[in-house]
Number of protein chains: 2
Amino acid sequence: MDSTPLTRKLKAFVALTSVELEVLERLHQRRRVFHAGRDLVHQGQSEQAAYILSEGWVCSYKLQMDGSRQIVDFQIPGDFLGLRSVLLHTSDHSVEPIGEIVAAEVLVSDLLAAFAQTPRLATAVLWAVSRDEAMVVEHLVGLGRRDADQRMGHFLLELGARLKLVGLGTRAGYDCPLTQYHLADTLGLSAVHVNRVLRRLREAGLLTFRDGHVTFDDYDGLVALADFDPAYLDHTGPLLK
Amino acid sequence: MDSTPLTRKLKAFVALTSVELEVLERLHQRRRVFHAGRDLVHQGQSEQAAYILSEGWVCSYKLQMDGSRQIVDFQIPGDFLGLRSVLLHTSDHSVEPIGEIVAAEVLVSDLLAAFAQTPRLATAVLWAVSRDEAMVVEHLVGLGRRDADQRMGHFLLELGARLKLVGLGTRAGYDCPLTQYHLADTLGLSAVHVNRVLRRLREAGLLTFRDGHVTFDDYDGLVALADFDPAYLDHTGPLLK
DNA sequence: CGTCTGATTGAACGGGTTCAAGCAGCGTGG
DNA sequence: CCACGCTGCTTGAACCCGTTCAATCAGACG
């Protein structure tokens with residue numbers, strides 16, 4: 001049976017038994033499709049369902065009074081959607097699909113049952129959640145202490161590392177459905193400047209962002225420029241006892 | 001018996017029984033004192049103990065290769081320290097006491113036992129943790145989409161709201177042990193500019209930051225300037241069923 | 001009494017924004 | 001079929017917020 005992005009991701013960190021794999025598989029029952037533009041969750045609204053994203057990208061963002069928006073993070077295939085919102089019965093941000101997405105709806109009860117059945121699964125999911133939080137912190141650091149070029153490089157490298165983990169990218173590059181406006185709202189820049197930064201990086205022979213595809217022309221050079229240390233994505237230490 | 005900052009905070013959101021209060025009290029047994037400068041946790045080091053902060057302030061930060069640092073968040077009395085590090089056996093940031101602090105060491109086993117004994121306590125603590133995460137997100141939004149004045153106003157207002165909850169501040173102001181360098185490393189600004197921003201806000205009659213004390217000269221004006229909406233601190237919805 | 005930390009202010013510089021204009025591709029309707 | 005409008009990309013020029021460099025000052029502390 002084909003493995004889902006989620007299982008690919010988790011298998012990179014915990015050796016899962018066939019029983020655990022099957023439990024995971026069963027969580028992917030209720031497939032649902034969402035379309036671009038229509039938010040899954042609106043700021044302030046309390047939401048009842050969690051999802052496992054299987055195809056497409058999604059972004060979580062906050063709107064400001066003055067109309068500007070700040071994207072907090074992206075979810076790619078294999079990531080959980082709204083897990084925290086469900087556990088805490090609250091959502092303080094909006095979630096928007098980028099293009100069409102396919103997601104498996106997960107009932108809290110099913111998830112908790114799966115955890116009870118296979119505790120190692122709970123550990124693996126907990127790891128995934130904590131990795132997401134580490135990424136938010138790294139994002140915050142970037143906004144506070146990196147210049148535009150470094151931010152861009154770091155962000156695209158991080159995405160690349162995440163996509164590689166679920167088989168959607170290589171060291172050479174990956175497909176990327178984001179517009180330059182998405183990048184601007186993520187990196188705290190203006191769309192105009194995003195364009196200039198991309199040009200600069202391209203002319204420096206570091207990376208090319210064009211026609212929905214990211215190409216790393218000089219991976220090591222980019223890593224050096226952005227001071228990218230994937231440790232926070234890899235921390236493969238012992239979790240929960 | 002005097003209530004600790006933590007109980008004050010939790011009582012604001014969950015009506016705790018005397019049994020639960022006693023369990024909470026017992027978690028505060030092992031008092032430990034830490035001194036300024038000496039980090040509690042170093043970046044990358046894995047840590048075994050969690051703490052409840054009872055006196056003094058602490059900041060969590062990340063150091064960059066180029067020597068600059070970005071403060072991610074602060075902990076004030078009543079906040080947990082290193083709870084996530086303990087659960088996940090990993091720490092990707094450093095933690096530094098600001099001045100002398102008093103903290104109660106909490107063993108994971110004790111905490112889990114307390115949760116098992118009084119589930120409502122677990123709910124309350126979960127709420128506190130999720131509030132901390134919401135604050136990190138709000139911080140990120142500030143770095144990405146607010147100018148220096150708004151960032152400063154928002155940050156000091158948020159701190160004020162948190163301190164008020166544990167009885168350490170009022171609408172008029174609060175004692176604040178931070179230096180302008182702390183503010184700079186928090187807000188992603190240079191120390192020089194922090195000084196100028198503080199002067200501007202003072203001369204605009206909005207707030208005064210001097211001699212370790214924050215005074216809100218025009219609370220409502222500041223709220224308007226910073227677009228401060230304490231909703232993310234207050235979300236008092238039903239948690240976990 | 002010298003040294004250190006933290007606060008303060010000035011002047012020059014620069015990274016990033018804003019405003020403005022132009023262009024390409026693409027779906028829609030007359 | 002072409003015109004139109006829309007979204008996304010691109011580039012130039014002027015401006016401004018915040019940085020950097022540099023100097024000064026006050027208080028604390030050994």
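Residue numbers begin at 1 in each chain, while the letters A, B, ... track the order of the sequences. Remember, it's a predicted structure, so these values are computed and weren't measured experimentally.
With respect to B/R145 and A/D185, a salt bridge is recorded, a charged nitrogen being found less than 4.0 Å from a carboxylate O. Salt-bridge annotation for A/R171 and A/D220: present, with a side-chain N of the basic residue lying under 4.0 Å from a carboxylate O of the acidic one. Classification of B/R146 and B/E138 as a salt-bridged pair holds, one side-chain N sitting under 4.0 Å from a carboxylate O. A salt bridge links A/D79 with A/K9: the closest approach of a Lys/Arg side-chain nitrogen to an acidic carboxylate oxygen falls below 4.0 angstrom.
For the pair A/R210 CZ and C/dA24 P, the interatomic distance rounds to 14 Å; values are reported in whole Å. Taking atom CZ on B/R146 and atom P on C/dT17, their separation rounds to 17 Å, with Å as the unit. One can place CD of A/Q150 at 13 Å from C1' of C/dG15, the figure rounded to the nearest angstrom. The separation between A/L143 atom CG and D/dG18 atom C1' is 16 Å, rounded to whole Å. Across the protein-nucleic acid pair, B/I98 atom CD1 and C/dG6 atom P stand 11 Å apart, rounded to whole Å. For the pair B/R200 CZ and C/dT8 P, the computed distance is 14 Å after rounding to whole Å. In this structure, B/R151 atom CZ and D/dG18 atom C1' are separated by 9 Å, rounded to whole Å. The nearest whole Å value for the distance from the CG atom in A/L198 to the P atom in D/dT11 is 11 Å.
Of the residues in residues 172-185 of chain B, those lying under 4.0 Å from DNA chain C by heavy-atom distance are B/T179, B/Q180, B/Y181. Shown for residues 187-196 of chain B: residues whose heavy atoms fall under 4.0 angstrom of DNA chain C, namely B/V192, B/N195, B/R196.
With rounding to the nearest 0.5 angstrom, the CG atom of B/L225 is 9.0 Å from the CG atom of B/L207.
Distances shorter than 4.0 Å separate none of the side-chain N or O atoms of B/R199 from OP1 or OP2 on C/dT8.
Taking a pair as Watson-Crick or G-U with both hydrogen-bonding distances under 3.5 Å, the stems of three or more pairs touching DNA chain C are C:1-30 with D:1-30.
With contacts defined as side-chain heavy-atom distances shorter than 4.5 Å, the pair B/Y232/B/V137 does not qualify.
Closest of all the heavy-atom pairs between A/L143 and B/L140 is CD1-O, 3.5 Å. Here the closest non-hydrogen pair linking B/V197 and B/M152 is CG1-CB, 3.8 Å.
Using the six-membered ring where Trp is involved, B/Y51 and B/F34 have ring planes that are perpendicular, over 60° apart on the 30 and 60° scheme. Between A/H182 and A/F74, the ring planes lie perpendicular to each other; the angle is over 60°, past the 30° to 60° tilted range.
More than 12 heavy-atom neighbours from other residues, nucleotides or ligands sit within 6.0 angstrom of CZ on A/R200.
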